[in-house]
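Structure first, then comments.
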Amino acid sequence: MSSLEELSNAVIGGDQDAVVELTRQAIVEKVDLNSIISRGLLPGMTVVGRRFKNGDMFIPEVLMAARAMNAGLELVKPLLVDGEVPVKGTVVIGTVEGDLHDIGKNLVGMMIESNGYRVIDLGIDLEPQRFVAAVREYKPQVVGMSALLTTTMLAMKETIEVLKEEGLRDSVKVIVGGAPVSQEFADEIGADGYAPDAASATELVRRLIG
Amino acid sequence: MYPAFDGGQLRLLKEDDIKAVHEASVQLLGEVGVKVKSKAAREVFRSNGAEVDTATEIVKIPRDLLEKAISDAPSRVILYGREEKNDLHLEKARTYLGTGGTVLYALDLETGQKRRTNTQDLRDIGKMVDALENVSFYVINTYPQNVPDEAADINRFYWAITSTSKHVMGGMYTMKGLKDAIRLAEEIAGGPEKLRERPFVSFITLMVSPLVMDGLYTEFIMEIARKGLPLAIPSEPLAGATAPVTLAGTIALNNAESLAGITLAQLVNPGTPVLYGSTSSIMDLKKGYYVAGAIESAMINAALAQMAQYYQLPMYGTGGMSDSKINDSQAGYESALTAMTVALSGCNYIHDAVGLLEMCQVFSYEKMVIDDEIIGNIFRVMRGIEVNPDTLAVDRLKEIGPAGNFLVDIHTTRHFRKEFFFPKVADRRTRIDWQAAGSPDTAKRAHQMVREILAGHKPTPVDAALRARLRRQFPEIQGEES
Ligand code: B12
């Protein structure tokens with residue numbers, strides 16, 4: 001087994017120590033840095049994604065694999081010429097005003113992140129202005145909002161309105177989710193997308209911004 | 001007092017396990033602490049000797065403070081009905097079951113389709129609670145989507161209290177809603193003192209796992225405690241997501257959280273009638289959903305019932321839900337297995353036990369009737385087997401002898417009504433009779449019973465003049481008086 005294949009397997013197994021060790025070794029052995037990423041770290045995560053979709057891997061295993069992969073990336077990053085692993089895009093995510101439920105939002109954030117996007121998690125109980133400020137600051141391609149209460153679902157609509165008023169609506173794709181939210185509701189409030197779970201949320205982001 | 005039976009036959013934890021859970025929880029509260037987001041609550045903790053870090057909002061509760069609060073909290077809490085025959089005496093392993101959840105959708109009685117809930121549901125479900133014999137209380141389980149959000153709390157409590165004379169309990173959405181609900185109940189009781197004497201309403205607050213006390217909900221705890229009204233303080237750790245994936249870890253965490261809330265309530269007003277509690281379950285790790293019908297949820301609640309009995313605190317627990325979308329066999333077996341597990345552990349007040357489908361998101365009238373029957377079966381088990389010379393019936397065998405029968409015997413007519421459970425939903429006919437009746441499945445048979453209850457049952461009303469006055473006082477209440 002080549003050392004890159006071994007690295008892939010370590011990612012799949014979510015073995016952070018092994019990933020760090022193997023990445024370090026590859027760097028010392030002067031393996032091409034881009035190959036470490038594209039033939040070692042990323043393919044591992046691709047396998048994980050496929051197995052998860054088929055129901056052969058579970059969420060905690062996916063997240064551990066992503067964490068292991070990121071630990072490897074962290075070692076390679078500073079050595080790259082421009083110092084940055086190209087991220088696929090930035091997603092700002094948060095739970096809307098009046099709502100404390102954050103388990104789903106956290107999970108969605110982690111899953112999107114594990115697919116190579118930069119995720120900025122704003123937290124819970126966020127008034128529309130917090131989303132506005134984050135859009136200005138981080139220039140994301142996607143804003144994700146989570147709500148689990150009927151009383152707070154409307155805060156999603158309000159946030160979209162405020163983004164419009166601030167002239168920011170066209171610069172981002174807005175996606176929504178949470179147990180009571182539906183595609184119908186998403187359409188009604190003028191969101192760009194809805195997803196019922198973390199895996200399809202990741203798909204959605206991919207579909208919207210590639 | 002409402003008729004009830006004792007659980008406690010099922011013991012998932014051994015004596016040593018109970019002590020180990022307690023010690024783990026003491027350690028969590030004393031060493032990790034709880035993040036308390038209410039400043040007023042932090043002050044209460046601080047002035048009673050807890051270690052408070054203002055910057056991080058972490059409160060560390062020492063063992064003596066915790067154990068003092070546990071002993072200050074009453075071992076028996078009576079949740080009153082509007083009528084005395086409906087009073088619930090919560091203590092030891094006496095077990096009651098009833099409604100729960102705050103769902104937004106119901107399966108429509110006409111179409112069977114999922115639709116939004118409204119104030120009529122609050123009333124119809126109240127009437128069903130009132131009529132169904134094994135349902136002992138009404139935890140307000142729907143959210144009316146036909147009124148503005150600001151008016152939800154008052155509509156929920158008004159229609160619940162006026163639709164059944166059984167005990168009413170509910171969660172609140174706003175502080176104004178809580179205060180209105182208390183005022184409403186005081187009016188119906190005939191004044192604040194009268195309400196405190198026989199509180200026929202009580203409230204649900206919550207803890208946020210892991211180890212967080214939310215600002216608003218913590219102020220609810222303090223407000224209710226100051227009023228001396230009964231409150232449940234459950235926490236809802238989801239194993240694998242907001243709690244350790246091991247059931248023991250989740251149990252210790254839930255125990256610590258609920259005790260932290262109880263400690264605050266007792267510090268604010270020693271002797272406040274509190275229910276220790278859990279709405280814990282697991283996270284489905286394939287898709288990342290909350291699941292309600294998981295057997296592990298029942299095991300966690302069953303173990304916590306043992307903890308509650310160890311502390312001599314009455315417990316508000318969870319059981320009897322299903323994640324199925326319709327009234328199929330999954331709905332039946334998940335509800336039966338979870339309700340039975342928690343009930344046999346002796347959890348005193350098991351909510352969510354009737355009518356819930358689809359991860360605690362949809363209410364079904366038919367399921368409510370089916371669940372009533374499931375609970376009837378469980379009560380039969382709890383009643384147990386009476387063993388004495390009369391029930392052993394050796395003398396009857398002496399008399400009747402080999403090859404005789406027991407159909408025409410006074411011993412049979414004297415005992416059969418209490419020895420057997422008589423199901424109303426279950427079909428025990430021959431296939432021929434069943435086909436002649438149109439081959440109705442369980443849901444169809446239950447549907448017919450729902451129709452009969454809604455058409456025929458008359459709960460003891462709240463005085464019409466009083467209702468008229470309340471309607472003037474709270475104009476946000478919507479719906480024609482019946
Ligand atoms: C755990 C829980 C709590 C915990 C939350 C802890 C936390 N840190 O989040 C606590 C105990 C604090 C809590 C409090 C309350 N809760 Co609550 N809670 C739940 C419960 C049981 C599970 C939610 C959960 O975490 N699920 C697991 C996660 C992973 O799933 P999820 O959130 O749905 O997320 C998935 C998808 O929806 C989607 N998704 C989520 N967000 C996003 C965002 C985007 C952009 C996308 C694309 C996708 C997406 O992907 C996720 C992953 O697969 C639900 C029941 C249910 N069926 O949802 C009730 C539920 C949501 N709660 C409910 C209620 C009523 C309350 C309270 C009002 C109770 C009360 N009366 O006091 C309070 C409100 C507090 C507040 N102001 O927010 C109701 C809501 C009904 C309503 N009326 O609107 C529910 C449905 C339960 C019920 N039937 O009673 N709750």
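Naming: A, B, ... by sequence-line order, numbering from 1 per chain.
Contact annotation: the side chain of B:Y143 approaches that of A:T151 to within less than 4.5 Å [non-hydrogen atoms, C-beta and beyond].
Only the side chain of B:L238 has a heavy atom closer than 4.5 Å to any heavy atom of chain A. With a 4.5 Å cut-off on non-hydrogen atoms, B:M283 touches chain A through its side chain but not through its backbone. Interface remark: B:L285 contributes backbone and side-chain atoms alike to the contact with chain A (heavy atom separation under 4.5 Å). Interface residue A:I124: only side-chain heavy atoms are found under 4.5 Å from chain B. For B:Y105, the part sitting under 4.5 Å from any heavy atom of chain A is the side chain, from C-beta outward, and nothing else.
When the candidates B:Y289, B:Y217, B:Y173 are compared by the number of heavy-atom contacts under 4.5 Å with chain A, B:Y289 comes out ahead. Note on A:A198, A:S200, A:P60, A:G104: by heavy-atom pairs under 4.5 Å with chain B, the leading option is A:P60.
Counting heavy-atom neighbours within 6.0 Å of B:R115 CZ, excluding the residue itself, gives a total above 12. Within a 6.0 Å radius of CZ in A:R39, other residues, nucleotides and ligands contribute 12 heavy atoms or fewer. No more than 12 heavy atoms of other residues, nucleotides or ligands lie within 6.0 Å of CE in A:M64, so this atom counts as exposed by the packing criterion. The environment of CE in B:M299 is sparse: at most 12 heavy-atom neighbours from other residues, nucleotides or ligands sit within 6.0 Å. Heavy-atom contacts from other residues, nucleotides or ligands closer than 6.0 Å to CG of A:D170 number 12 or fewer. More than 12 heavy atoms of other residues, nucleotides or ligands sit less than 6.0 Å from atom NZ of B:K114. Few gaps surround CZ on A:R169; more than 12 heavy atoms of other groups in view lie less than 6.0 Å from it.
Nearest approach of A:T150 to B:Q145, heavy atoms of both residues: CG2-OE1, 3.3 Å. Of all heavy-atom pairs spanning B:A241 and A:I103, the tightest one is CB-CG2, 4.0 Å. The two atoms that bring A:G55 and B:K286 nearest to each other are O-CE, 3.2 Å, heavy atoms only. Across all their heavy atoms, B:Q361 and A:P180 have their closest contact at OE1-N, 4.2 Å.
Of the inter-residue distances, the one linking B:D149 atom CG with A:L154 atom CG reads 6.5 Å to the nearest 0.5 angstrom. With rounding to the nearest 0.5 Å, the separation of CZ in A:F52 from NZ in B:K287 is 7.0 Å. Note that CG of A:L100 is 7.5 Å distant from CG of B:L206, once rounded to the nearest 0.5 Å.
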